[in-house]
Number of protein chains: 2
Amino acid sequence: MFEQLFKSIQEKVTLNEDDKEVYKSFFIPKKLRKKQTLLQEGDVCIYNAFVENGILRSFFTDEKGNEHVVQFAIEGWWITDLSSFLTKSNSIYTIEALEDCELLLLTMEAREALMDKIPMFERYQRLLLQNAYIANQARINSTLTETAEEKYIKLGLAYPGIIKRVPQHMIASYLGLKPETVSRVRKQINTRI
Amino acid sequence: MFEQLFKSIQEKVTLNEDDKEVYKSFFIPKKLRKKQTLLQEGDVCIYNAFVENGILRSFFTDEKGNEHVVQFAIEGWWITDLSSFLTKSNSIYTIEALEDCELLLLTMEAREALMDKIPMFERYQRLLLQNAYIANQARINSTLTETAEEKYIKLGLAYPGIIKRVPQHMIASYLGLKPETVSRVRKQINTRI
DNA sequence: AAATTCTATTGATTTAAGTCAACAGAAAAT
DNA sequence: ATTTTCTGTTGACTTAAATCAATAGAATTT
């Protein structure tokens, strides 16, 4: 159950056997069936979730009633509404399992206690946040400069696993495109090969 | 010279008089004239800059030769290319003064030493990063859901100081719009009043 | 003071992506 | 097994914003 988590931590900071037991005592294992939610729009996001297995998305609904996918998270990734989690404000996002999932959950209290006990965990968290910030910056640049086709191709290159496992209309939503547009982009790409 | 910095720190964490002297010894004061750059595309970004006075922008140039404004920074804000700064990679961004500026610069070594000496500075930095991450998330959502007019109006509401001090075509660039579009949006808004 | 560059506006036209609608195979639910 | 829902495709048409081009006042530079 903790393989992916320890792998992720070891990629960024040192991790010894004693630490592992501490980690095990702070995370809450949780299974989620496909279509079940970890967070509902309007609720406070009380968990920072690590994905051991499966895939989830976070999304919000705009005033016109359209859903917008904000993030996908597969094995080895974290997912939460950071704003709601940190400030205990009501979330505008829903986090939903797209497949059956195995998660490891961390409450704010557990997170802080863990940072106290294992300083390297604080560094790990900071590195994650830095990477997430840089990735978001790249995503903004992408939406501002690329055509529909470029966006789709780059996503496929960066995260082939996600494009294969997620319905196409959710990929479209993540890219800020309509399903019809993604369908046409794919057709276009295929006829060029 | 340090008023804005101390004000910013005090808004987030505790700050005593001894700390102030430590801070003063680590930051490098730097004046920049309008149009001078703190970072040139292709160079490694070796400074994390705090703006005491003035206004700057960071931007990049895409393959088609179009400039895209990534960030503005006014008094009390930080600006850097975080990716280049952290990984010592060559930056794709240029950081340029839009007015004469007074900056306080922090090298990576000074930043780490400061975090060592003043643990509260690490917390302050983490809080800044969290806020920046949340703001970027909101910006992504905005570009995916809002019309040109909504983007312009919201920017004006959120940062009236920036819209007043920066040429309109840079506002357009920041919003992912063309100058002509912003001009038309403004006309539209005015005729409705 | 004159020349040059920068900035913003407006009009005419184009275009990338959106919208609306119909269809059909795949997957899930009963 | 057979409805029902989900998912992806395609065609016809619309639209928001981009593009191209001309203009002119403001700000800088010389």
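Atoms considered below: every heavy atom in the structure, side chains included; atoms not considered: hydrogens, waters and symmetry mates. By convention in this document, chain letters (A, B, ...) are assigned in the order of the sequence lines, proteins followed by strands, and residues within each chain are numbered from 1.
Taking the six-membered ring for Trp and thresholds of 30 and 60 degrees, B:Phe27 and B:Trp78 have ring planes inclined between 30 and 60 degrees apart. In this pair, B:Phe6 and B:Tyr23 present their aromatic rings tilted. The plane angle is within the 30 to 60° band.
Cation-pi geometry between A:Arg139 and A:Tyr174 is met: the NZ or CZ atom falls under 6.0 Å from the ring centre, inside 45° of the normal.
Between the OG atom in B:Ser25 and the NZ atom in B:Lys117 there is a gap of 6.5 Å [rounded to 0.5 Å]. To the nearest 0.5 Å, atoms CD1 (B:Ile95) and CD (B:Gln36) are separated by 14.5 Å. Atom CE of B:Met120 and atom CD1 of B:Ile9 lie 12.0 Å apart (nearest 0.5 Å).
For B:Gln168 and C:dC6, the shortest distance from a side-chain N or O to OP1 or OP2 is not below 4.0 Å. At least one side-chain nitrogen or oxygen of B:Arg186 sits closer than 4.0 Å to the OP1 or OP2 atom of C:dT9. Within the structure, a side-chain polar atom (N or O) of B:His169 is placed less than 4.0 Å from OP1 or OP2 of C:dA8.
At distances below 3.5 Å, not a single donor-acceptor pair connects side-chain atoms of B:Gln71 with backbone N or O atoms of B:Asp81.
Comparing A:Ser183 and B:Glu149 along DNA chain D, the residue whose closest nucleotide (by nearest heavy atom) sits nearer the 5' end is A:Ser183. Between B:Lys35 and B:Glu146, the one whose closest nucleotide on DNA chain D sits nearer the 5' end is B:Glu146. Toward the 5' end of DNA chain C, the nearer of the two residues B:Lys187 and A:Ala148, judged by each one's closest nucleotide, is B:Lys187.
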Extract from the structure each pairing of a protein N or O with an N or O of nucleotides 23-25 of chain D at less than 3.5 Å, listing the distance.
none

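Ranking D:dA18, D:dT9, D:dT7 by closeness to the A:Pro167 side chain, first place goes to D:dT7.
One atom, NZ of B:Lys178, and another, P of D:dA21, lie 15 Å apart when rounded to the nearest Å. Atom pair B:Leu144:CG and C:dA17:P shows a separation of 14 Å (rounding to whole Å applied). Distance B:Asn190 CG to C:dT10 P: 10 Å, rounded to the nearest Å. The CD-P distance, from B:Glu67 to C:dT7, rounds to 11 Å in whole Å. Note: CG (B:Leu98) to P (D:dA27) measures 17 Å, nearest angstrom. What separates CE of B:Met170 from C1' of C:dC6 is a distance of 10 Å, to the nearest Å. Summarising the geometry, the separation between NE2 on B:His68 and P on D:dA18 is reported as 11 Å, rounded to the nearest angstrom. Per the geometry, CD belonging to B:Glu180 stands 11 Å off C1' belonging to C:dG11, to the nearest Å.
Applying the salt bridge (charged side-chain N to carboxylate O under 4.0 Å, His left out) criterion to B:Lys31, with sequence neighbours excluded, gives B:Glu102.
The heavy-atom pair separating B:Ser89 from B:Ser84 by the smallest distance is O-OG, 2.6 Å.
Summary of helix geometry: the two end axes of the helix from C:dA1-D:dT30 to C:dT30-D:dA1, each defined by five base pairs via their C1' atoms, are inclined to each other by 50° (rounded to 10°).
Heavy atoms of B:Lys34 sit under 4.0 angstrom from primed sugar atoms or phosphate atoms, though from no base atom.
With hydrogens and angles ignored, a donor-acceptor pair closer than 3.5 Å exists between the side chain of A:Arg184 and the base of D:dG11.
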In sequence, state the C-alpha distance, the side-chain angles, and the governing distance for A:Glu96 and A:Lys34, and then conclude on salt bridge (Lys or Arg N to Asp or Glu O under 4.0 Å). CA-CA 8 Å; A:Glu96 176 199 49; A:Lys34 184 172 176 171; over 6 Å; no

